[in-house]
Amino acid sequence: MKIGIDQMSFFSPHLYIEMSDLAQARGEDPNKYLIGIGQTRQAVIPPTQDAVTMGANAAAPLMTDELRQTLDLVIFATESGIDQSKSGAAYLQRLLGIQKYARTIELKQACYSGTYGLMQARDYVAVHPDRKVLVVASDVARYGLKTSGEVTQGGGAVAMLVSADPQILTLENDSQFMTDDVMDFWRPNYATEARVDGKYSSNVYQEFFKELWDRYRKQTGRTIDDFDALVFHLPYTKMGKKGLQMVLPEADELQQKELLAQFEASQKYSRQIGNLYTGSLYLSLLSLLNETPGLKPGARLGLFSYGSGAEGEFYSGILQPKYHAGLVSNQVPDLLSRRQGLSIAQYEQIFEQTLQGSADRELEIKNDPAQFVLAGLKNERRQYLKQH
Ligand code: COA
């Protein structure tokens, strides 16, 4: 039975900053950010959005009345969880109007858990072929003002429906995965910003990719010739390019050109949005699917997922004939064209407005055009609203 990604949808808030403005404000050469890191713009997450609202906003276009009545598994992957006990998926179930006889669960393993969610969903459908599973990967990437990680912030969510006979991509049963307990990036419970050993993290990412790629080739007998595109988790776009460059010499000249062109297409959206943590690999996939007109059904795509701490997985998927039908038409370009640019001073002010502490407060929701927003805190309960 073919099982995989049937539909995909994306959300990121309506605000952004230019990386050239940030470079200027931080006394850096803009080319360091634009070329050296490979980021052009960065999403700014207002206090009225969090991992739950972004996840709901991403999933909303996929919801139909039939799905609301039949969906019985919601998997929410995040490392920006809003509660130590209650799963963000329980809020999603209510906000999206999903029937109550459903399992809802939150997963955590840095940027990796979206991939585990997807694999879990595939296994569930293998046992229940008539069901669909909603997998939502949603995060706010925060390193802190004036830190070296600031240029690699961002945020947003990708929602995916997993089913039998999927429209977009079948998930092949060829995953290679590994874990190593390392401290390259983490976020203690008392902090809203990640701690990161950036250079070390970049090295671990590359080591994991190479080790899993070699293991994949050994286990499956496949070589780079079997792949039409390689898609990477992109904490910043240069990171994925470094990964690709590690295996490019295995391809002939023509294929090297093709893989580089596919990579360019896959990093287009991340370059405008920044890191999505759990959703980042799947934003690369969306970008590849939307921005590469020549992708042929039947193409084998290799996907590399990495989550600090650290866990990695490399697997492949086969592109399906009607893959465009599973995507929301023109969704990301429309969203990007409607965003509003901020000055660095405005961004810094928004960045400091975290919902810390237990005091009641109301947030300014009227300036947030998103369907689902966080309206404030009342009796230590987050107030989520559907605006329209
Ligand atoms: N023009 C072009 N490129 C330039 C440049 C310029 N004027 N100035 C610097 N660069 C290049 C550097 O050569 C380097 O390229 P390389 O990595 O190919 O060698 C790149 O820009 C970054 O410069 P660097 O000095 O290494 O930046 P940094 O010390 O500020 O740190 C990160 C960059 C990515 C390590 C940092 O932003 C970070 O820690 N981000 C968090 C990312 C992370 O770890 N995420 C979790 C892992 S998945």
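Computation of the quantities below employed the complete heavy-atom set of this structure, encompassing side-chain atoms and omitting hydrogens, waters and symmetry-equivalent molecules. Just so you know, these numbers come straight off a predicted model, no measurement behind them. For ligands, and for the atoms within them, numbers begin at 1 and follow the listed sequence.
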What's the shortest distance from [atom] to any protein heavy atom, and which residue and atom give it?
{"atom": "atom 39 (O) of ligand 1", "answer": "G198 CA, 3.1 Å"}
{"atom": "atom 2 (C) of ligand 1", "answer": "N31 O, 3.4 Å"}
{"atom": "atom 41 (C) of ligand 1", "answer": "T152 OG1, 3.3 Å"}
{"atom": "atom 20 (C) of ligand 1", "answer": "G36 O, 3.4 Å"}
{"atom": "atom 18 (O) of ligand 1", "answer": "K238 NZ, 2.9 Å"}
{"atom": "atom 37 (O) of ligand 1", "answer": "S148 O, 2.6 Å"}
{"atom": "atom 22 (C) of ligand 1", "answer": "I37 CD1, 3.8 Å"}

Between [X] and [Y], do the side chains contain an N or O donor and an N or O acceptor separated by less than 3.5 Å?
{"X": "Y315", "Y": "Q176", "answer": "no"}
{"X": "Y124", "Y": "Q120", "answer": "no"}
{"X": "Q153", "Y": "Q42", "answer": "yes"}
{"X": "N275", "Y": "T152", "answer": "no"}

Per-atom contacts of ligand 1 with [X], taking only distances under 4.0 Å to non-hydrogen atoms:
{"X": "V151", "result": "37 (O)"}
{"X": "Y143", "result": "41 (C), 42 (C), 43 (C), 45 (N), 46 (C)"}
{"X": "K242", "result": "16 (P), 17 (O), 18 (O)"}
{"X": "G149", "result": "37 (O), 38 (C), 40 (N)"}
{"X": "P235", "result": "45 (N), 48 (S)"}
{"X": "S201", "result": "44 (O), 46 (C), 47 (C)"}
{"X": "Y306", "result": "48 (S)"}

Let me know which of L73, D72, V74 forms a side-chain contact (heavy atoms from CB on, under 4.5 Å) with L134.
V74
Can we say R382 and D50 salt-bridge, meaning some charged N sits less than 4.0 Å from an Asp/Glu carboxylate O?
yes
Using the rule given for side-chain hydrogen bond (donor to acceptor under 3.5 Å, both in side chains), can you reason through S305 versus T115, listing the C-alpha separation, both sets of side-chain angles and the distance that settles it, and then say yes or no?
CA-CA 7 Å; S305 181; T115 297; 2.7 Å; yes
Below 4.0 Å, non-hydrogen atoms only: which portion of [X] touches ligand 1? Side chain, backbone, both or neither.
{"X": "E150", "result": "neither"}
{"X": "C111", "result": "neither"}
{"X": "M239", "result": "neither"}

Which residue from V204, D29, N275, V196 reaches closest to atom 7 (N) of ligand 1 through any of its heavy atoms?
D29
Out of K241, Q245, K199, R26, who is nearest to atom 29 (O) of ligand 1 when you count heavy atoms only?
K199
F185 ring center within less than 6.0 Å of Y277 ring center:
yes
Answer yes if the ring centres of F314 and F304 are under 6.0 angstrom apart, and no otherwise.
no
Is K86 positioned over the aromatic face of Y91, cation under 6.0 angstrom from the ring centre and no more than 45 degrees off axis?
yes
Checking contacts now, so for atom 25 (O) of ligand 1, which I'm interested in, is there any protein heavy atom under 4.0 Å?
yes
Is there a protein heavy atom at a distance of less than 4.0 Å from atom 12 (C) of ligand 1?
no
Are Y112 and L283 connected in a single hydrophobic cluster, I mean Ile/Leu/Val/Met/Phe/Trp/Tyr linked by side-chain heavy atoms less than 4.5 Å apart?
yes
Do M19 and V151 come within less than 4.5 Å of each other through their side chains, counting heavy atoms only?
yes
Polar contact flag for K32 and ligand 1 (N/O pairs, less than 3.5 Å):
yes
Quick check on ring pair (Phe, Tyr, Trp, His ring centres under 6.0 Å): which of F227, F209, F177 does Y216 satisfy it with?
F227
